[in-house]
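Residue numbers count from 1 along this sequence.
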Amino acid sequence: MEERDVVIIGAGPAGLSAAIFTRLDGWSTLVLESNWVGGQAAIAYTVSNYPGFVPGDGAILVENLEKQATSSPPQGVGAELRRENVVRINADERIVITEAAQYRGKVIIIATGSTMQKLGIPGEDIFRGKGVSYYAKRDVGQLAGKRVLVVGGGNSTVKSAIVAKAAGAAWIGLAHRREALRAYPNMIKRLEKENIEIRYNTEVVEIKGNGKVNSTVVVNNKNGDKEEIAVDWVIICVGTEPDVQVARQAGLEIKGSSVLVNEKMMTGKNGIFACGEAAGADRRLITCINSGALAGVSASEYLALERVRKGDMFNGAINGKYADEYLSML
Ligand SMILES: Cc1cc2nc3c(=O)[nH]c(=O)nc-3n(C[C@H](O)[C@H](O)[C@H](O)COP(=O)(O)OP(=O)(O)OC[C@H]3O[C@@H](n4cnc5c(N)ncnc54)[C@H](O)[C@@H]3O)c2cc1C
């Protein structure tokens, strides 16, 4: 079995940021990612709330983050990244089991982020990838000439509708179950200019089709009126929920919907840390990156303490502290 000082599950903003901090202290660090690198941030549109990043595509921000984490010095810190899906972890033995291999980590950092929240309606699962998608960015090439219904009321919903319009969709509707959108006023102004049909107080209750989507059933939640609308594509943007599958299976404590961690981002199991949205960070890049950095720094401190505990009074400093300073912390 391969061994590393640190094994990180998830190459989203939190996982990559944790990797930067563990590698800066010289710990061998492996990041495992089941999907695309960058997590949700890779499908974010214009990120305008990340200090120091001129408003731009979320994909650019995470490309830089990936380079910083995985390139060899001096461009980056040289963390290893493998595209493997983690199926479970053995928390007591600190073994991470993927579909391809097993890794023993002195530390494991869970940065599994969030999954897209579903509507939970008939047809949603059947037509996923056949006309049902979550946020528009990755499907943008398929929307030209289509009738598209976007569901939700936040900034990403509005942006998905605008993006679908720019991609040449033939008709775009936006269904929101409340009376007003949640998006920023400037986003709503942009939407209003785009000739997009907005239906307030409207819930989508079924997606129908034959091999691929051809209609949705919507209900007006004020008067109960039902209507079937002909559409080719439904873009669901109704939020996300923390992905705690691996953590739950490992027996880690879940509080509310996220992994319970202490102020150092450590779970109830020694040497197992969690960060980002999986550990309850706000759904913002800045908080997830901060939480990943804190997990990385804490993991590094934990590893240094373990060395000293075993009598290894290393030379130089790790994470800004000398061995005797770690000794006094024990
Ligand atoms: C459309 C959209 C637009 C957004 N826009 C903004 C914005 O403008 N500003 C802002 O601040 N925030 C924005 N956000 C939110 C921001 O992107 C997230 O808060 C942030 O990406 C969360 O980081 P994370 O690392 O915790 O989780 P995620 O980004 O969810 O990354 C988690 C990673 O873990 C991987 N993973 C999960 N389980 C496993 C497993 N078992 N094995 C291996 N890998 C696994 C996932 O594939 C994923 O890559 C946006 C989100 C979306 C969806």
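- Looking at E227 and R199, a side-chain N of the basic residue comes within less than 4.0 Å of a carboxylate O on the acidic one, giving a salt bridge.
- No donor-acceptor pair closer than 3.5 Å links the side chain of E93 to the backbone N or O of N90.
- Heavy atoms from other residues, nucleotides or ligands lying under 6.0 Å from CD of E194 number more than 12.
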Start with the C-alpha gap between I109 and V7, add the side-chain angles, then the distance that decides, and say whether side chain to side chain contact (heavy atoms under 4.5 Å, CB included) holds.
CA-CA 6 Å; I109 301 178; V7 180; over 6 Å; no
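- The side-chain heavy atoms of C237 and Y134, taken from C-beta on, include no pair separated by under 4.5 Å.
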Pair up each side-chain donor or acceptor in residues 322-330 with any protein partner under 3.5 Å, not counting sequence neighbours, and list the distances.
| residue | atom | partner | partner atom | Å |
| --- | --- | --- | --- | --- |
| E325 | OE1 | Y322 | N | 2.8 |
| Y326 | OH | I318 | O | 2.6 |
| S328 | OG | E325 | O | 2.7 |

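- In terms of hydrophobic clustering, with Ile, Leu, Val, Met, Phe, Trp and Tyr side chains grouped at heavy-atom distances under 4.5 Å, V86 and V6 are assigned to different clusters.
- Checked by atom type, the side-chain pair K208/T216 shows no donor-acceptor distance below 3.5 Å.
- The number of heavy atoms from other shown groups lying within 6.0 Å of CZ (R307) is above 12.
- Ion pairing of R309 with E306 is present here, as a side-chain N (NZ or NE/NH1/NH2) and a carboxylate O approach within less than 4.0 Å.
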Yes or no on side chain to side chain contact (heavy atoms under 4.5 Å, CB included) for L181 and H176, after CA distance, side-chain angles and deciding distance?
CA-CA 7 Å; L181 298 175; H176 184 42; 3.9 Å; yes
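- E206 places none of its side-chain heavy atoms less than 4.5 Å from the side chain of E228.
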Pair E277-Q40, side-chain hydrogen bond (donor to acceptor under 3.5 Å, both in side chains): steps then yes or no:
CA-CA 11 Å; E277 287 189 15; Q40 295 168 65; 3.2 Å; yes
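- The hydrophobic cluster containing V231 also contains L119, counting ILVMFWY residues as joined when their side-chain heavy atoms lie under 4.5 angstrom apart, directly or transitively.
- Y184 and F53 are assigned to two separate hydrophobic clusters, defined by single-linkage of ILVMFWY side chains at heavy-atom distances under 4.5 Å.
- If you check the side chains of N85 and E99, you find a donor sitting under 3.5 Å from an acceptor.
- Without hydrogens or angle criteria, D92 side chain to R94 main chain gives no donor-acceptor distance under 3.5 Å.
- Counting heavy atoms of neighbouring residues, nucleotides and ligands inside a 6.0 Å radius, atom CZ of R82 exceeds 12 of them.
- The main-chain N or O of M266 is found under 3.5 Å from a side-chain atom of N262 such that the two form a donor-acceptor pair.
- Within 6.0 Å of atom CZ in R177, 12 or fewer heavy atoms from other residues, nucleotides or ligands are found, so the atom counts as exposed in its surroundings.
- R88 CZ: 12 or fewer foreign heavy atoms inside a 6.0 Å radius.
- Without hydrogens or angle criteria, T157 side chain to G154 main chain gives a donor-acceptor distance under 3.5 Å.
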Pair S114, E241 - check side-chain hydrogen bond (donor to acceptor under 3.5 Å, both in side chains), show working.
CA-CA 5 Å; S114 288; E241 52 197 340; over 6 Å; no
Go through the steps for T70 and V77 under the test side chain to side chain contact (heavy atoms under 4.5 Å, CB included), then give the verdict.
CA-CA 6 Å; T70 61; V77 293; over 6 Å; no
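- Between N223 and D225, the closest heavy-atom pair is OD1-N, 2.9 Å.
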What's the verdict on side chain to side chain contact (heavy atoms under 4.5 Å, CB included) for K269 and L252, showing C-alpha distance, side-chain angles and the deciding distance?
CA-CA 7 Å; K269 296 246 182 198; L252 302 175; 3.4 Å; yes
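- With hydrogens and angles left out, the side-chain atoms of D25 and S300 include a donor and acceptor closer than 3.5 Å.
- Of the charged side-chain nitrogens involved, none lies within less than 4.0 Å of a carboxylate oxygen, so that E3 and K106 do not count as a salt-bridged pair.
- With hydrogens and angles ignored, the 3.5 Å screen pairs no side-chain donor or acceptor of T240 with any backbone N or O of T115.
- For F314, the CZ atom counts as densely surrounded, since its 6.0 Å shell holds more than 12 non-hydrogen atoms of other residues, nucleotides or ligands.
- Hydrophobic cluster membership differs between I272 and M265, with clusters built from Ile, Leu, Val, Met, Phe, Trp and Tyr side chains linked at under 4.5 angstrom.
- I60 is listed as a side-chain neighbour of D57, based on a closest heavy-atom distance under 4.5 Å.
- Side-chain N or O atoms of T202 include none that pairs as donor or acceptor with a backbone N or O of N220 at under 3.5 Å.
- Hydrophobic clustering, with ILVMFWY side chains joined whenever heavy atoms are under 4.5 angstrom apart, groups Y302 together with F21.
- Using a cut-off of 4.0 Å between Lys/Arg side-chain N and Asp/Glu carboxylate O, K310 and D312 are scored as not salt-bridged.
- Ionic pairing of R147 and D232 is not present here: no N-O contact between side-chain nitrogen and carboxylate oxygen is shorter than 4.0 angstrom.
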